[in-house]
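For reference, the structure discussed in these notes is given below.
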Amino acid sequence: MVEATRAKLHRVPGLEEEDEEQEEYEEGRSEQEKEMSWTSSVEEPIQPTTITGLQREDFQDGTCSPEDPSSASPLVRTSEQNLSPRSGPLSTIQEGEKQTLVRRNSEKLGNPERQRKRLDKKAASSANLLTRSPSLENRAKELVSNAGSPGSRRGTYSQGQSIKMFIRGRPITMYIPSNIQNYEDLKMEPPSERLELDWVYGYRGRDCRANLYFLPTGEAVYFTACVVVLYHINKRTQRHYRKHTDCVRCLTIHPDKVRVASGQTAGVEKDKPLQPCVHIWDSTTLVTLQQIGLGTFQRGIGSVAFSSADSGAFLCVIDDTNEHMLSVWDCNKGTKHAEVKSTNEAVFAVDFNPSDSTNIITCGKSHVYFWTLTAGQFMKKQGIFGKYKKPKFIQCFVFSLTGDVLTGDSEGNILTWGKSAADIKTLGKGAKETFQIMRQTRAHEGSVFTLCNLQGGALLSGGGKDRKIIRWSADLAPERECEIPENFGAVRTIADVDGEELLVGTTRNAILRGTFSDGFVAIVQGHLDEMWGLATHPSVNTFLTCGHDRQVCLWNTEEHKLDWCITLEEYGLCADFCPVGSVVSVGLSTGRWVVLDLLTREVVSEFTDGNEQLSVMRYSPDGSVLAVGSHDNFIYIYNVTESGRRYTRFGKCNGHSSFITHLDWSKDGKYIMSNSGDYEILYWDIAAGCKLLRNRFESKDREWASYTCVLGFHVMGVWLEGSDGTDINALCRSHGETMVAVADDFCKIHLFQYPCPKPKAPSHRYEGHGSHVTNVCFTHSDSHLLSIGGKDTCILQWKVMGVGGGGSREGPASVSSTSTSSPEPATS
């Protein structure tokens with residue numbers, strides 16, 4: 001877990017506090033932190049200051065000249081770009097005022113104890129007055145109330161104010177824009193907009209079994225991340241059950257075909273453990289009927305099953321502890337009926353005998369167990385393999401119409417198990433009946449991952465290595481077979497729709513629909529591994545994702561489908577659409593980046609910058625320049641021509657002391673704001689030859705075309721108290737500049753108002769991801785927000801609701817975008 005450190009805010013009127021800041025920084029760190037600490041590339045030269053003078057911070061020279069200074073460039077320099085030219089290390093702040101020379105890290109003047117008291121007093125003060133840029137004037141009027149009178153202290157602060165925020169002991173100075181009045185009276189409210197879960201892209205087939213069912217309502221039930229999805233396969237609509245607090249791991253349907261039981265893994269929320277449990281809920285109303293085993297289970301739930309003989313009165317559960325506890329629960333009362341340790345080996349499946357609820361079967365690694373429940377006590381019998389080769393894994397099982405147990409194993413066989421009379425001759429008088437293999441049927445090359453009963457006694461089996469689906473007669477004679485396409489992976493589970501049509505979940509996180517005659521097509525698709533790259537198209541309702549599975553996917557937000565997918569040689573980590581909308585740039589893990597044509601899907605340009613992974617791609621607002629942020633600490637700048645198809649290196653920005661994490665362009669396309677892994681905020685004059693702006697104060701009023709930097713004055717309030725510098729992975733300001741969405745390390749999405757310059761700002765909080773949320777992005781019209789998960793490989797599409805939301809800009813929502821289960825978000 002990341003180390004948490006309290007975030008502090010201080011008002012810094014001038015440079016006379018620089019020494020106090022350094023003193024606080026040194027005293028606030030433990031000896032261990034001092035040993036592990038790093039020094040910033042930023043140095044403070046000697047500067048003049050007064051009590052009310054503006055604070056200036058100069059950086060070490062960290063510029064890089066253009067590749068060819070004499071070459072023509074679309075970037076035109078103007079005299080206005082040369083902000084505050086300096087002839088030397090000393091300059092006058094305010095003419096006629098007394099100047100005092102102060103050097104950072106110099107010997108402290110005066111009584112240190114007295115200075116500490118002054119610092120504490122300043123820290124406690126809330127009279128920090130901020131100003132805002134003219135473009136945000138209207139929003140400022142909404143935020144500011146009861147401004148200080150002209151003669152009050154509140155109204156007479158100098159424009160040189162700054163705010164300091166501390167992350168892991170590192171002070172981060174953020175300068176205040178010019179025209180906001182009265183910081184302490186700024187009221188931080190949650191945004192008027194809210195999010196409603198609109199669509200879930202993805203399916204968890206890579207590591208879960210028996211997690212796809214078909215309901216009489218025409219809906220397929222499956223899960224990914226923390227969401228159980230009910231997808232109507234004909235109407236192409238989704239409903240969502242969202243009461244789980246962490247990843248769903250297993251699923252089963254009650255005999256009444258209405259109730260559903262779903263089990264989740266244990267989770268953690270900001271160091272607070274979340275206990276695993278099983279939810280029993282109504283698939284019609286999405287209302288939770290019972291929470292089974294809250295506080296009883298550990299780690300998570302591996303398998304669940306309803307009894308059939310007694311109309312589903314009981315639920316059996318296998319948990320994920322080392323002993324894989326088998327327990328039986330009363331579904332109506334929610335009470336535990338019996339419990340026993342099953343085995344230390346992995347358990348893959350559990351189920352009741354459909355004709356006798358006192359008989360339960362479990363299977364897994366190298367075993368199949370037959371359990372009998374009598375008076376609250378379990379009796380276990382192990383299946384005897386006898387003369388047959390013992391497989392490494394028993395993957396699945398079903399009950400035949402005759403009551404026999406059929407298992408599918410890792411050797412590709414279907415084994416028929418039956419009771420055998422006690423062998424008194426060999427074992428003596430005390431011998432008891434045993435369960436032995438009655439028949440072995442060769443079915444697949446590789447594992448048999450799933451078995452599915454059909455009406456009339458027929459059986460379906462799904463293969464791993466051969467990717468085949470085979471239909472068997474009641475006496476296990478093969479009748480029909482088909483093979484699913486290789487790009488979808490192996491067969492993970494099968495659900496019967498109507499005896500002919502099937503739904504097939506695959507190991508590559510896809511759900512297929514089809515028949516033996518017509519073949520199968522994908523109706524649900526998703527990524528296979530962790531995702532980081534996300535970009536939305538500048539003018540149409542599409543977005544692009546890329547991740548560690550080396551796939552680059554283009555999705556349609558209106559039709560909720562995958563438009564196309566290609567596989568690259570390396571995995572992608574970042575992407576951005578060229579503003580012209582015909583190409584997209586993708587940054588890869590090796591320092592290489594490619595430009596793809598959206599229509600042909602072909603690579604039209606390819607470059608390599610350094611040999612470390614790229615973290616951000618960002619086009620200037622007019623698309624004439626591309627900035628490439630790398631883990632080698634540089635930002636590479638390219639001129640762009642021919643509608644995004646031709647690129648020429650212009651220069652590189654050299655000055656960060658750690659890897660680049662985020663960057664944004666100014667609205668005029670001449671400047672860049674960037675963040676790095678050591679929590680620096682730097683500003684660059686690109687037109688002046690990728691020049692690092694020494695005086696960051698001069699960038700305080702600059703307007704930014706996008707806002708994705710996680711560190712900055714306008715988003716300072718998104719950092720929760722006690723945050724670590726890595727707690728926020730990404731943020732994105734809406735195009736209307738009214739809200740900012742935040743992706744955090746605790747599976748949450750937050751929606752704040754924009755700007756958000758005060759600490760402890762309230763927000764709407766949304767759950768759904770089962771892993772760290774790696775990126776968020778608004779669509780071009782702000783009608784939707786996209787969020788992507790890390791290890792949960794899930795994409796969530798949220799509809800923006802309420803005043804200022806983009807939903808009203810696009811007109812009516814698509815008929816296929818329906819979600820009736822989104823609860824009211826938590827407000828924090």
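Of all non-hydrogen atoms in Asn413 and Arg442, the two that sit nearest each other are OD1-CD, 3.4 Å. The shortest heavy-atom contact between Ser787 and Val773 is CB-CG1, 4.2 Å. Taking each heavy atom of Ile484 and Gly489 in turn, the nearest pair found is CD1-O, 3.2 Å. Nearest heavy-atom pair, Ile301 versus Cys250, reported as atom, atom and distance to 0.1 Å: CG2-SG, 3.6 Å.
With sequence neighbours excluded, no residue forms a ring pair (Phe, Tyr, Trp, His ring centres under 6.0 Å) with Tyr388. Cys396 pairs by the side-chain contact (heavy atoms from CB on, under 4.5 Å) definition with Val448, Leu451, not counting sequence neighbours. Residues passing the side-chain contact (heavy atoms from CB on, under 4.5 Å) test with Leu401, sequence neighbours excluded: none. Qualifying side-chain contact (heavy atoms from CB on, under 4.5 Å) partners for Glu501, counting only residues two or more places apart in sequence or in other chains: Val497, Asp498, Arg513, Thr515. With sequence neighbours left out, Asp549 forms a side-chain contact (heavy atoms from CB on, under 4.5 Å) with His527, Leu528, Asp529, Gln551. Residues meeting the ring pair (Phe, Tyr, Trp, His ring centres under 6.0 Å) test with Phe306, sequence neighbours left out: His254. The ring pair (Phe, Tyr, Trp, His ring centres under 6.0 Å) check on Trp281 picks up Tyr241, with sequence neighbours excluded.
The aromatic ring centres of Tyr201 and Phe543 sit less than 6.0 Å apart.
Phe449 carries Arg492 over the face of its six-membered ring, with the cationic atom under 6.0 Å from the centre and within 45° of the normal.
Pairs passing the salt bridge (Lys or Arg N to Asp or Glu O under 4.0 Å) check and including a residue from residues 254-266, sequence neighbours excluded, read Asp256-Arg259. Residue pairs meeting the ring-ring contact (aromatic ring centres under 6.0 Å, His included) criterion with at least one partner in residues 314-333, sequence neighbours excluded, are Phe297-Trp329, Phe314-His337. The stretch residues 479-489 participates, sequence neighbours left out, in these salt bridge (Lys or Arg N to Asp or Glu O under 4.0 Å) pairs: Arg467-Glu483, Lys468-Glu481, Arg471-Glu479.
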Legend entry - Working for side chain to side chain contact (heavy atoms under 4.5 Å, CB included), residues Asn353 and Ile361: CA-CA 7 Å; Asn353 187 319; Ile361 314 294; 5.9 Å; no
Pairs under 3.5 angstrom only: tabulate donor-acceptor contacts from the side chains of residues 375-383 to other protein residues two or more places apart or in another chain.
unit_1, atom_1, unit_2, atom_2, d
Lys380, NZ, Ser342, O, 3.3
Lys381, NZ, Glu433, O, 3.1

With a 3.5 Å cut-off and sequence neighbours excluded, list the donor-acceptor pairs that the side chains of residues 207-216 form with protein atoms.
unit_1, atom_1, unit_2, atom_2, d
Asp207, OD1, Arg204, NE, 2.8
Asp207, OD2, Arg204, NH2, 2.9
Arg209, NH2, Gln395, OE1, 3.0
Asn211, OD1, Tyr203, OH, 2.7
Asn211, ND2, Arg204, O, 2.6
Tyr213, OH, Ala210, O, 3.4
Tyr213, OH, Leu251, O, 3.3

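A donor-acceptor contact shorter than 3.5 Å links the side chain of Arg239 to the backbone of Thr284.
The distance from atom CD1 of Ile318 to atom CD of Glu323, rounded to the nearest 0.5 Å, is 12.0 Å.
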